[in-house]
There are 2 protein chains.
Amino acid sequence: MTSGAGDEPDLGNGRLHETAAARLAALDQRYTHSRRVLVETMQEAARPLTMAEIVRRTDRIPQSSAYRNLTVLCAAGIATRLPGADDQGRFELAEDLAGHHHHLVCVSCGAVADLVAAARLERALREAARQAADSGFEVTGHRLDFDGRCGECRDAG
Amino acid sequence: MTSGAGDEPDLGNGRLHETAAARLAALDQRYTHSRRVLVETMQEAARPLTMAEIVRRTDRIPQSSAYRNLTVLCAAGIATRLPGADDQGRFELAEDLAGHHHHLVCVSCGAVADLVAAARLERALREAARQAADSGFEVTGHRLDFDGRCGECRDAG
DNA sequence: CTACTTGCAAATGCTTTGCAGGAGA
DNA sequence: TCTCCTGCAAAGCATTTGCAAGTAG
């Protein structure tokens, strides 16, 4: 691990790309144009994207390459693959790059939005993790989704 | 194990099957032997099972039927399908039948265990849900997974 | 020049579906 | 008897991989 210190996820600029390049380099991988485009796409979306959305937004990157590159990005700790409510995987920037957050999942249309949790909730989560450790399970992180209906679907019916 | 009149999911016995039968009947579906076996399998497991595990445990129920029946059980609100960490769906009894709980997911071997959260955590979650409502999103439930390494994998690796 | 990358197409693996026979109410 | 259920086999999709050519260092 090269960089140490603070895990501030505030990198609106080239910092993100620097980090990405470094992490890829650690795996003898290059930060190619395609990969940069994928990272930028995920950053701009600010919410998990399905493969279909990614291919549509980037245009030019064939699906197989997108899959392959996203797999590499996940391995490098730059991206994360989430299991979708349906059976479509969703991708987003890794937690330490995008900031820790949770998701609002619309059970009606499948849309996913980001949500930053209150400090109190995070504290309670940490406490629960400690509790789980008592059973021999070492908790390294958590994933929290709120299910419900988004504004649009509520209006629609 | 009182028989309180709350939302306590305390149905260790035939109550479960009664409920299942009723919910299926509401959809003009029957509570057949296969479906009963599936329900019992899920109850006994007390943790989400993959399709492979279900087929192995039941033995006799062909995979296609298992899929078909589990789909029906999900539609009837008797079972729930969870998106697995890998790409294998996992099934478990619906929340109101098995009780509200969360999951410990081993990132190493993919095993999933149930975990009942502390009251404080649930309270914090409810509060966060209320907060989300401010943005027009109606929260109906939540899903919380803790990622980490199970005891076995910690020993092994 | 030597890896790592890319794109296409074919393959894989989980899941769904068509169909004909069987069973429950 | 009518409708739902079961099993098998074939079909569907999202995702992965083999291979030959392209490109970064």
Side-chain angles (χ1 to χ4, degrees), chain A residues 17-18 20-39 41 48-76 78-92 110 112, chain B residues 17-18 20-42 48-76 78-92 110 112:
Chain A
H17 295 301
E18 252 178 64
R23 293 191 185 174
L24 283 171
L27 272 66
D28 283 306
Q29 300 281 347
R30 295 160 189 162
Y31 195 38
T32 63
H33 175 69
S34 299
R35 291 171 184 178
R36 174 182 291 259
V37 169
L38 289 171
V39 166
T41 301
L49 297 175
T50 62
M51 192 65 244
E53 290 174 320
I54 290 174
V55 169
R56 198 180 320 127
R57 290 188 185 212
T58 59
D59 186 46
R60 286 284 158 193
I61 300 181
Q63 191 161 282
S64 67
S65 294
Y67 270 116
R68 191 139 33 183
N69 283 324
L70 252 359
T71 301
V72 171
L73 291 176
C74 287
I78 297 167
T80 310
R81 171 190 221 136
L82 314 165
D86 33 37
D87 49 34
Q88 276 173 100
R90 284 182 163 75
F91 298 86
E92 66 176 2
V112 181
Chain B
H17 295 301
E18 251 179 64
R23 293 189 186 174
L24 283 170
L27 273 67
D28 284 305
Q29 299 280 344
R30 296 161 189 159
Y31 196 38
T32 62
H33 175 70
S34 297
R35 291 172 185 177
R36 175 182 290 260
V37 170
L38 289 171
V39 166
E40 280 169 357
T41 302
M42 287 189 288
L49 298 175
T50 63
M51 191 65 243
E53 290 174 320
I54 290 174
V55 169
R56 198 181 319 126
R57 290 187 185 213
T58 59
D59 188 45
R60 285 282 157 193
I61 300 181
Q63 195 165 48
S64 67
S65 294
Y67 270 117
R68 193 141 30 185
N69 283 324
L70 284 169
T71 301
V72 171
L73 291 176
C74 287
I78 297 166
T80 309
R81 174 189 218 135
L82 315 163
D86 32 39
D87 50 35
Q88 275 174 102
R90 284 183 161 77
F91 297 86
E92 66 177 359
V112 181

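So you know, we letter chains A, B, ... as the sequences are listed, proteins then strands, and number each from 1.
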Taking [atom1] from [X] and [atom2] from [N], how many angstroms apart are they, rounded to a whole number?
X: A/Ile54; N: D/dA14; atom1: CD1; atom2: P; result: 14 Å
X: B/Leu27; N: D/dT3; atom1: CG; atom2: P; result: 17 Å
X: B/Ile61; N: D/dC8; atom1: CD1; atom2: P; result: 12 Å
X: B/Asp28; N: C/dG24; atom1: CG; atom2: P; result: 18 Å
X: B/Asn69; N: D/dT6; atom1: CG; atom2: P; result: 5 Å

Quick one: pull up [atom1] in [X] and [atom2] in [Y] and give me the separation to the nearest 0.5 Å.
X: B/Arg81; Y: B/Met51; atom1: CZ; atom2: CE; value: 9.0 Å
X: A/Leu82; Y: A/Leu49; atom1: CG; atom2: CG; value: 10.0 Å
X: B/Ile61; Y: B/Thr41; atom1: CD1; atom2: OG1; value: 6.5 Å
X: B/Thr80; Y: B/Arg90; atom1: OG1; atom2: CZ; value: 14.5 Å
X: B/Met42; Y: B/Ile54; atom1: CE; atom2: CD1; value: 6.5 Å

Do any side-chain atoms of residues 68-76 of chain B form donor-acceptor pairs under 3.5 angstrom with protein atoms, and if so which ones, sequence neighbours left out?
residue: B/Asn69; atom: OD1; partner: B/Arg35; partner atom: NE; Å: 2.8
residue: B/Asn69; atom: OD1; partner: B/Arg35; partner atom: NH2; Å: 3.3
residue: B/Asn69; atom: ND2; partner: B/Ser65; partner atom: O; Å: 3.2
residue: B/Thr71; atom: OG1; partner: B/Tyr67; partner atom: O; Å: 2.8

Note, A/Gln29 side chain near A/Arg23 side chain (heavy atom, < 4.5 Å):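 Heavy-atom side-chain distance check fails, nothing below 4.5 Å.
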
Step-by-step side-chain contact (heavy atoms from CB on, under 4.5 Å) determination, A/Leu38 to A/Phe91: CA-CA 10 Å; A/Leu38 289 171; A/Phe91 298 86; over 6 Å; no

DNA chain D-proximal residues of residues 31-42 of chain B, any heavy atom under 4.0 Å: B/Thr32, B/Ser34, B/Arg35

I'd like a table of atom pairs between the protein and nucleotides 16-22 of chain C - only N or O on both sides, under 3.5 Å - with the distance next to each one.
residue: C/dG18; atom: O6; partner: B/Arg68; partner atom: NH2; Å: 3.0

